[in-house]
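Chain naming here is simple, since letters A, B, ... match the order of the sequence lines and numbering starts at 1 in each.
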Amino acid sequence: MAAPATAVARAAELRATIEEHNHRYHVLDAPSVPDAEYDRLVRELEAIEAEHPDLVTPESPTQRVGARPDSGFATVRHALPMLSLANAFEDPDAGDDDRARYREVADFVRRIEEALDLRDPAFSVEPKLDGLAISLRYEDGRFVQGATRGDGETGEDVTANLRTIRALPLKLRGSDWPRVLEVRGEVYMPKAAFEAWNAAALAAGERLMANPRNGAAGSLRQIDPAVTARRPLAFFAYSVGLVERGELPDTHSATLARLRDWGFPVSAETDVARGFDGLVAYFRRIGSRRDALPFDIDGVVYKLDRFDQQRVMGFVSRAPRWAIAHKFPALEESTTVLDIEVQIGRTGAVTPVARLAPVQVAGVTVTNATLHNEDQIARLDVRVGDSVVVRRAGDVIPEVVRVVVERRPPHAVPWRMPGQCPVCGAQLQREEGQAAWRCTGGLSCAAQRKEAIRHFASRRAMDIEGLGERFIEALTDFGFVETIADLYRLTLDDFLAMKRRAEEREGVVPETVKQGKIATRWAENLLEAIDRSRRTTLARFLFALGIPQVGETTAKTLAHWIGRLEYVRRMPAAVLRALPDIGAEVAESIAAFFAQPGNQSVVQGLLDAGVAPADEHPPAPELRDRLDLGTLLSQLPVDKLGGKSAQRLAQSYGTLEALLQAGPTGWTGAGLSAQGAANLEQWLADPLQRQSLLQADVSMRELLDAAPAQAERGAAPLHGQTWVLTGTLASMGRDEAKAKLEALGAKVSGSVSKKTHALVAGESAGSKLDDARKHGVQVLDEAALLALLQSHGG
DNA sequence: GCACCTCGAGTTCC
DNA sequence: CTCGAGGTGC
């Protein structure tokens with residue numbers, strides 16, 4: 001049966017595309033699409049050719065592996081061809097069943113079990129390095145020739161360059177080696193070396209390497225071996241080709257051990273696994289350590305361990321039936337930018353987001369990726385319609401890595417930040433020296449209102465369970481809620497009405513009686529959750545208000561030092577500035593928030609609605625050590641009135657009244673320079689400024705008067721220590737562990753530095769472990785943490 | 001004035 | 001988790 005025209009056309013198209021990628025990858029060392037996409041194209045072509053064998057031509061890319069070597073190096077014929085392995089990928093649509101998810105691996109094992117008539121055969125298993133495959137020829141124990149893999153039959157003679165790799169033995173150890181030995185392995189660039197290289201190249205303004213594999217390939221193809229010698233290349237051996245006048249062991253794993261004896265580096269991750277379950281267990285084990293390995297891998301390789309069994313299985317075309325490469329889900333994929341939209345955050349910050357054609361990356365479907373800010377878009381030059389490479393690396397959040405410029409549609413235009421907020425229409429502006437654009441709409445912008453409510457209800461703030469994004473959207477859109485204070489006025493009927501309208505809008509069918517009961521129950525729960533939130537802590541309440549620059553930590557600082565909302569909301573910036581970690585900027589932001597009439601009425605509305613931060617306590621006694629008239633004076637924007645002279649003035653007069661009474665002549669007598677006295681007098685001449693100083697003084701004294709004379713609590717066991725948490729703990733959540741450590745007096749911060757007292761590392765801890773090692777910080781595991789908490793009665 | 005620490009804010013998917 | 005920027009100590 002002749003192939004249909006569509007198949008003919010598609011096959012031709014695929015061949016052209018694959019050849020182009022081959023050329024870019026193998027000859028130019030400059031791939032333009034991720035490997036996963038290349039693999040997919042080849043598989044599609046293979047599928048078409050399998051269905052329509054008449055379409056197979058000798059020139060088809062499926063009929064050879066790799067590309068013809070470029071000029072510059074002599075061609076070498078491998079004594080035994082270098083194999084290519086069949087690839088097994090995960091089926092992302094399969095359920096939890098391993099045999100369905102790794103169907104190709106299961107089939108591979110089953111074929112072997114059937115052909116050999118045995119169960120759970122032994123496999124030699126190893127990580128699949130993402131480097132450059134090479135073949136090394138040793139005669140009488142000496143390295144005589146090395147070649148790239150090329151198309152598997154012939155490669156390029158890169159002997160001189162390979163000699164520069166220190167991991168590669170030029171002379172074999174021991175004496176029991178065959179007269180002629182071909183060793184196969186992978187040249188690669190360790191991740192750390194790659195990063196160091198690029199950091200240096202960046203500093204020197206030289207060209208960067210795209211990734212470690214490209215770095216290795218480019219380095220090996222240098223005409224001048226002296227250049228290669230400077231590149232940080234390494235090598236692992238993984239199999240043997242031709243052997244003349246010598247014996248090898250009976251198994252692959254024993255052969256690897258022999259290679260090690262002869263002086264070849266062999267990956268420490270190699271192992272022996274039995275049957276399908278053993279293979280999958282190994283796959284998972286290596287996968288979980290993927291980021292921690294010092295080299296890039298793109299999967300693992302399974303080889304039937306016994307050579308006699310390998311011989312029974314034989315080959316299909318050029319791929320062995322006794323080995324398979326099990327690939328990890330791709331970390332990089334390419335897709336199309338459908339649109340670039342902007343999102344408005346709680347603070348009005350404008351974040352551009354790329355809407356993407358859905359694509360599978362590392363096991364999940366990605367449809368959005370942040371583009372951070374205007375500068376980032378300009379750097380990448382992302383345009384609507386572009387093909388982009390999306391990555392989901394060690395972290396979870398997808399990012400756009402680069403644009404595939406060759407595929408840019410002809411009329412794509414550079415992206416431009418809109419002038420107005422897409423939600424409220426207010427002007428967008430970018431402040432001097434800031435990366436972010438902001439919507440100037442404030443709380444008249446629906447997006448900012450919604451985000452403010454979402455933040456207020458969030459777990460770390462007021463913790464109103466059940467008040468998710470969808471309902472906040474509906475509550476604000478239908479006018480049930482304008483500000484966070486309105487939440488506490490909502491009734492059962494409001495919730496039911498809101499739900500009905502939301503369902504109407506979404507086109508959901510009218511509710512049955514039974515659904516009505518469920519809805520009532522839902523509304524009751526929500527009402528109860530809102531009611532519960534009335535009793536909260538001052539720190540949570542302050543955090544929930546969403547004061548710019550005030551996050552969880554600063555809210556805790558305010559709550560701890562000042563103690564009562566009444567004081568916090570009335571305290572001028574000059575006083576707030578006396579608190580640790582609160583500087584001019586943050587202090588102004590807090591004072592400005594509470595001075596703004598709209599915010600005042602919201603806060604008052606919350607209090608009137610019965611919201612009561614519960615654990616109010618007097619201001620911290622230590623305030624007396626950091627806050628006095630001197631510190632207040634030293635913050636005045638008056639020239640020649642510094643910290644020292646401010647202290648002298650304060651000491652001479654004791655009170656602000658006395659100081660004001662004395663006037664400039666008295667001040668000079670108290671140690672202020674004539675110029676300073678004149679400046680101060682001039683500043684005080686403005687009645688508004690004079691008034692604000694008097695008010696600040698009153699507030700400060702009120703605060704100090706309320707503070708107990710001395711600390712009443714004993715020293716906490718971990719007082720003054722900074723702890724850091726990383727990884728996942730089995731027995732408790734991170735928040736819980738943080739709270740328990742804080743209860744013992746420790747400060748829990750997010751990053752490791754030399755000031756850190758200890759790092760608690762849970763499962764799959766990441767880069768913070770390295771930081772701890774670098775700074776010589778002690779590392780505790782979960783058991784040690786539990787023991788510590790126990791010993792302090794936690 | 002600079003280097004180093006922290007904190008705040010924003011982000012994706014299930 | 002990362003980036004940007006505020007706070008602090010040298």
Side-chain angles (χ1 to χ4, degrees), chain A residues 92 96 291 329 341-356 358-376 379 390-400 430-439 447-448 451-452 454-455 458 460-461 468-469 539 542-558 573 576-590 626 635 643 722-728 734 738 747-757 764-771 774-775 777:
Chain A
D96 282 342
D291 290 335
E341 291 174 8
V342 297
Q343 283 177 359
I344 311 296
R346 168 168 66 88
T347 61
V350 179
T351 309
V353 179
R355 307 284 173 217
L356 305 169
V359 63
Q360 288 278 325
V361 186
V364 302
T365 310
V366 171
T367 50
N368 301 310
T370 176
L371 294 167
H372 299 295
N373 53 46
E374 192 182 27
D375 295 347
Q376 174 79 355
R379 211 158 28 235
V390 179
R391 173 168 55 198
R392 215 168 147 254
D395 51 344
V396 195
I397 296 171
E399 58 173 349
V400 173
R430 184 175 181 174
E431 261 168 68
E432 196 72 31
Q434 293 218 316
W437 285 72
R438 282 181 195 282
C439 164
Q448 293 186 53
E451 289 302 309
R454 201 154 72 105
H455 172 74
S458 67
R460 310 175 85 97
E469 195 162 350
L542 289 171
F543 175 52
L545 290 177
I547 304 164
Q549 314 257 44
V550 176
E552 229 181 342
T553 309
T554 306
K556 274 183 192 162
T557 302
L558 289 170
L576 294 171
R577 200 154 149 17
L579 304 185
D581 301 323
I582 293 181
E585 194 97 7
V586 177
E588 286 297 346
S589 173
I590 298 167
R626 0 174 99 241
Q635 283 159 43
T722 305
W723 286 57
V724 177
L725 299 166
T726 186
T728 316
R734 280 260 281 269
K738 183 177 176 186
K747 222 164 104 70
V748 178
S749 114
S751 53
V752 175
S753 71
K754 60 179 181 231
K755 289 184 183 169
T756 308
H757 183 83
S764 63
S767 57
K768 282 177 199 168
L769 257 181
D770 301 337
D771 294 343
K774 199 167 71 194
H775 290 109
V777 169

Considering just the side-chain nitrogens and oxygens of [X], establish if one lies under 4.0 Å of OP1 or OP2 belonging to [N].
{"X": "A:Thr365", "N": "B:dC13", "value": "no"}
{"X": "A:Thr367", "N": "B:dT12", "value": "no"}
{"X": "A:Asn368", "N": "B:dT11", "value": "no"}

What contact category does A:Ala349 fall into here, base, sugar-phosphate, or nothing, at under 4.0 angstrom with non-hydrogen atoms?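 The residue A:Ala349 makes sugar-phosphate contact but no base contact.
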
Once you apply a heavy-atom cut-off of 4.0 Å, does A:Lys747 come out as touching a base, just sugar-phosphate, or nothing?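 Sugar-phosphate, no base atom in range.
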
For the side chain of [X], counting heavy atoms from C-beta on, which of [options] is nearest?
{"X": "A:Val586", "options": "B:dT11, C:dG6, B:dT6", "result": "C:dG6"}
{"X": "A:Thr351", "options": "B:dC7, B:dC5, B:dT11", "result": "B:dT11"}
{"X": "A:Gln343", "options": "B:dT11, C:dG6, B:dT6", "result": "B:dT11"}
{"X": "A:Thr347", "options": "B:dG10, B:dC7, C:dG6", "result": "B:dG10"}
{"X": "A:Val366", "options": "B:dC13, B:dT11, B:dC7", "result": "B:dC13"}
{"X": "A:Ser749", "options": "B:dT6, B:dG8, B:dC5", "result": "B:dT6"}

Quick one: do A:Lys556 and A:Asp581 make a salt bridge, cutoff under 4.0 Å?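 No, this pair does not count.
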
